[in-house]
Amino acid sequence: MLATQIGYYSLIFGLIAGLLIILLSIKNYNNREIFINPKILPISFLQFFFVSISFIGLILSFINSDFSNETVYNNSHTTKPLFYKISGTWGNHEGSLLLWLLVLTLFIFLFLVTSSNQPKRYRILTLVFQQIIIIGFFLFVLITSNPFSNLFPIPQEGLGLNPILQDPALAIHPPILYIGYVGSSIIFASSLAAVVENYISKNWARHIKKWILISWVFLTIGIMLGSIWAYYELGWGGFWFWDPVENVSLMPWLCLTALLHCIIVLEKNLSLASWVVILSIASFTLSMSGTFLVRSGILNSVHTFANDPERGMFILIFLFILIFIALFIFFTFFKDNNLKKIKINWISKEASILVNNWFLMYFLAVILIGTVYPIFLEVITDEKISIGPPFFNKLIIPFLIFFLIFMAIVPSLNWIKSYLRIRITNIIFLILSIFLSYIVLDRTSSETLILTILLCASLYLFFITIREFFNKRFKNISQIVSHFGFSLLILSILLNSIFSKEMITNLKVGEKFNLKENIITFEKIENNKSKNYDSVIGYFKIQDKNQEIIYLKPEIRIYNEPTTITSEADIKTTLYTDKFLVMNFVKGKEYFNVRYQLKPYMIWIWISTIFIALGGFISFFKKEYAK
Amino acid sequence: MKIVRFFFIFLIFLNFYNLSYSKDNEILKKKISKNIRCLICQGQSIYDSQSDFAESMKILIEKKLNEGLNEDQVYEFLKKRYGQWITYNPDFNKNTFILWLLPILLFFVGGAIIVRKLIVQKL
Amino acid sequence: MQNRIKLIFISLLLFFCFLILFEALKKSNIYVPDKVLKKSLPKFKSQDLDLKKEISSDELFVDSEFYLLNIWASWCLPCRKEHSILMELSRNPKIKLIGLNYKDKFTNAKKFIDKFGNPYSDNMIDTDGTISIELGAYGIPETFIINKNKKIIKKYIGPLDQNSLNEINIILK
C-alpha cells in the first residue's frame, strides 16, 4: 500500500524535477557563465533517484504481492517464485515503461557526469532535448499507464504472469534491450544539440561514439536474449520468426550498426556529417516506432502486450512531435560549410563504409517495409496480408551474399586512397570456400543452392577474418572480432538450417523410434506438482550411433494461474549439436505427440552474437585515436 | 543497361526458390507448414503451433500432397478458403507490387546517391 | 531552396504515415474473415455418426430449401451454449440441420446428443479436422447457412446467439 503511494508521488516529483531542469537550463543557456549551473547536476541525480524509488516501490509491491495495486494484480500471483515476481515488474506494459524511464534518467545523469570536457551550450541543449523525451514518458506513464493505480476492494489473488514469460532469459531481456533503446535517445538528443550549436566535429564524434557503442552492444545482447527465449519457449526450435516485434528490434540495430561505421569516418576526417546526424535521428525514431508498434497492438504478433488504442495514440503523437522537432532543427540549423571537404576515392575506407551503409540501409528498408506494409495496405484497401519469412529471405539473402564478400575484401583498405591487393591467400581461401560449400551442396538436395552460395560467401569472410587475427592487426581488433562474429553467425545459422533433422511422431509410453542412427525410447512419464504448476514429465532415452546414451526429460506444464498448458522442451546442448525434444498432449488420445530435432551448431549462433557484441565492447575500452 | 542486367540476375535468384520443388512430401509439408499462418494463434505459423487448427491443417496439407497437388496448388487451395492472410509469402499482384519493388528501388536510389557523391567529389 | 523542397517532401511523407497509423489504431487487429462468401460448398465424404457408414455430402444436401451445417464437439463449451438455439431451429421445416462432429470421441459425442437432444437430421464425423478446413472453418463452433444451390450464404464463427437466430429466421422467410 505504502510502496504504491510513495512510488506514485516519486513519479510526480521526478516530473517536476524535469521541468525544473528545463527552466534552469534555458536560463543558463543564455548567460555568460562558462560552466553549466551547478544546481543542474544534483537535480538530475534527484530525478534519477525519484524514479528509482518509484521503481523499487513497484518491485516491493510485486514481492509482497500487494494486489491493491492494479499492475500487480494483473501480472502476479502469490504462488509465483520470487525471481519471477521481481522480473514480473518489467514483464508488463506499465512496469516496463517505468524501467524505460529509469534508464532514461540514469543515462542523462551519466551523460552530464562524463561530458564535462564538452562545450557548455552543447551539454545544456542535449540535456533539454533529453528532458523533453523524459517528460513525454513521464506524462505517458502518469496519464495512460499508471503502474500505481489502486484497486478496491483488494482482490485476494492476482491473475498471474503468462507462463511463457516465466523464463530466465526473458527475465533479463527487457532491461538489457531497453538500455540499448534508451542509449539511442542520448545519441538523438546530443546530435540535435550538436547541430544547433554547430558542434559537429571530430571531438563530438569521439565523444558520442562511446554512447553509440553502449547502445549497440546492449541492443545486440538484448536481441540475442530475446532470440534465446524464443528458442526455448516458443515454437519448435526456431529462434527467429521474422515476427513484427522481432523486426522492430532489429531495425534500430541495423541503423546503429550503420552509424557505428559512419561515426568513424566523421571522427577521422570530418566527412559524412549530415548522414551521421540523419542516422542518429533515425536510430531513436526507429526505437520509438518499435515501442509504438508493439504497445499499440497495431501488429499481430506472437509477443503480445496487453494493449489499448489510447496508449498507441499517445506514443504516436509524441513520436511524430519528436520527429518534426528533429526535422525542423536539422533543416534550419545544419550547415556543413565549415567542414572541410576531403576527396573520397573509389577505393578507400570511406567509400567502403558508404557501401556498407548502402547495404545496411537496404536491409533496414526491407524489414521496415515488410513490417509496416500490411498496416498501410489494410487502411487503404481493407485487405489483410501476412508477410513472413519467405518475403524477407527472398529479398535479403541475395544481397547478403554480396555484402559478405564485400565485408571480406574491403576492411583492409586504408583511409582516403588505397588499392586492392590480391594476395595469394585470398585466392586459396576463395577456392577452399567454394570447395567446402560444394561438398555441402553435394550432400544435400539442390533445394539449398542459394543457401550454399551464401555459405560460400560466409566461409570466405570467416577465413579472411581468422587470418586477420594472425596478422596481429591489433589496431583493428574490435572490428575483426565483430566481423568474425558476424561470419560465424551467418555460417552457423546456415549450417543449422541445412543440416537440421527432425522427427514428428505420436508415441505411447514404451515405444521407440529412430532418427539418423539415433534410437529414441519413451521410457515412462511422471506426474509432478510444483508451486505454481502441475507437470507431466516424459523420460526419453536417446542412444546415438556411438552407443552413447543421454536422457531427455521434456515437460508439459499445466499452470494454475492463469490456467495455461505449456510444453517445455528439453534441450541437450553440445558444441556440435543440440538435441531438442518436446512432447504434447493429443486431444482425446492416450499417446503423446513427440517431436525430436537434431539442431547442429545451435550454440554457435549465440556464441557468435557474443563475439559481435564483444567487438563493440573492446572498442569501447580501446585507446582513442591520437589527435 | 547495367541496372537492367542486374535486375535480371536478381530475378534469376528469385527463381531459384521456385525451381526448388522437392519430390519428398515430408520436406515439402514442413516447408509449406512454415509458410502458412495459424489463423487462430497470435502470429505463429502452422509449423510452430500446436493448436487444433494447426494440427488439422498439417494433416490436410499432407493429404493434399498425397493427392498429387504441388506446392503452389496447396497454397492456392488454402488462399481460396482463407484469403491472402493465411500465407506468409504474399503474392505479387496489384496490392503488393510496391511491397516487392520498393526495397529494390530504394537500393538503386541509394547506389545512385553514393555514385553521385563519389563522382561529384572527383570533379 | 532545394532544402526547402526536401523538407516539404519529407514532411508530407511523414504526415501521410501519421494519418495511416492514426487510422490503423482505430481498427481492430483481430482477423475477421468475410462473413458473406457466396462460395459453393465443397464436396466431401465422411462417416456418419449414427449409421456408421461412409456418406458423401451429395447424398446429404438434397431436398431442402436451406441447410445449416454446424461444426461441434462434446468437449467444446460454447457448443453447449448454442445448443438450445440449434434445437429451436430444428423445429423449422424449411431448414435441414447437419452436424459435423469435430475431433471427438464417439462415446462422448453420443452422450452429448443423448443428454442435450439431437437437433441434427444427420451427423458427420470429422476425426482429424480436415473437413472443417476444406469448408474454410477456423474452429468450433462454427455454423454455415447454405441455400438449395449449395452456396454458402452466411457463416457464423463462434456460438450462435439470439441475434443470429433472428437473422437466420429472416433468411428463411
Side-chain angles (χ1 to χ4, degrees), chain B residues 25 29 32-33 35-47 49-69 73-88 90 95-96 98-99 102-103 105-106 109-110 112-113 116-117 120, chain C residues 2 6 9-10 13 16-17 20 27-46 69 71-79 100-105 124-142 144 146 151-152 155 157-158:
Chain B
N25 278 355
K29 180 187 157 196
I32 295 174
S33 63
N35 290 347
I36 296 293
R37 181 191 278 270
C38 170
L39 293 172
I40 59 164
C41 326
Q42 283 276 342
Q44 272 185 313
S45 70
I46 292 295
Y47 178 82
S49 171
Q50 329 143 11
S51 62
D52 273 319
F53 181 82
E55 292 302 329
S56 308
M57 190 66 95
K58 281 177 215 164
I59 298 167
L60 182 97
I61 292 169
E62 196 170 355
K63 271 189 184 169
K64 289 289 156 193
L65 289 173
N66 290 338
E67 280 172 25
L69 268 66
Q73 284 167 325
V74 176
Y75 292 138
E76 278 313 310
F77 174 85
L78 291 173
K79 272 187 254 177
K80 224 170 97 189
R81 276 161 184 76
Y82 294 98
Q84 286 285 336
W85 178 241
I86 196 160
T87 161
Y88 276 122
N95 278 333
T96 56
I98 300 177
L99 170 71
L102 187 61
L105 183 75
L106 288 176
V109 170
I113 292 172
R116 214 185 99 207
K117 187 168 175 67
V120 165
Chain C
Q2 206 196 350
K6 268 190 208 162
F9 178 73
I10 295 172
L13 192 72
F16 171 71
C17 293
I20 295 282
K27 296 200 168 200
S28 144
N29 75 335
I30 296 156
Y31 181 57
V32 188
D34 304 333
K35 293 244 166 90
V36 187
L37 295 151
K38 289 276 178 203
K39 265 182 202 155
S40 311
L41 185 76
K43 287 182 184 174
F44 56 90
K45 264 187 189 171
S46 173
L69 181 67
I71 305 176
W72 66 282
S74 61
W75 48 264
C76 138
L77 288 174
C79 296
L100 184 64
N101 184 236
Y102 180 85
K103 290 191 179 176
D104 213 346
K105 274 188 181 155
M124 314 263 279
I125 307 179
D126 186 11
T127 30
D128 54 10
T130 51
I131 296 172
S132 312
I133 291 180
E134 291 259 7
L135 290 164
Y138 291 80
I140 53 168
E142 196 157 326
F144 299 85
I146 297 147
K151 293 251 192 275
I152 298 170
K155 179 170 163 181
I157 296 168

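Order of the sequence lines sets the chain letters (A, B, ...), proteins ahead of strands, with each chain counted from 1. Because only heavy atoms are used, hydrogens play no part in the values below, and waters and symmetry mates are left out as well, while side chains stay in.
The aromatic rings of B:Tyr82 and C:Tyr138 lie perpendicular to each other, with more than 60° between the two planes, well past the 30° mark.
Closest approach of C:Ala137 and B:Phe53 over heavy atoms only: O-CE1, 3.5 Å.
Considering OG1 of C:Thr130 and CD1 of B:Ile61, their distance stands at 11.5 Å, rounded to 0.5 Å. For the atom pair CD1 of B:Ile86 and CD1 of C:Ile133, the computed distance is 7.5 Å after rounding to the nearest 0.5 Å. Atoms CD and CG, on B:Glu55 and C:Asp128 in that order, are 11.0 Å from each other to the nearest 0.5 Å.
Heavy-atom distances place no part of B:Lys58 under 4.5 Å from chain C, backbone and side chain included. In this structure, the portion of B:Leu78 lying under 4.5 Å from any heavy atom of chain C is its side chain and not its backbone. The parts of B:Ile59 that come within reach of chain C are both its backbone and its side chain, each placing non-hydrogen atoms under 4.5 angstrom from that chain.
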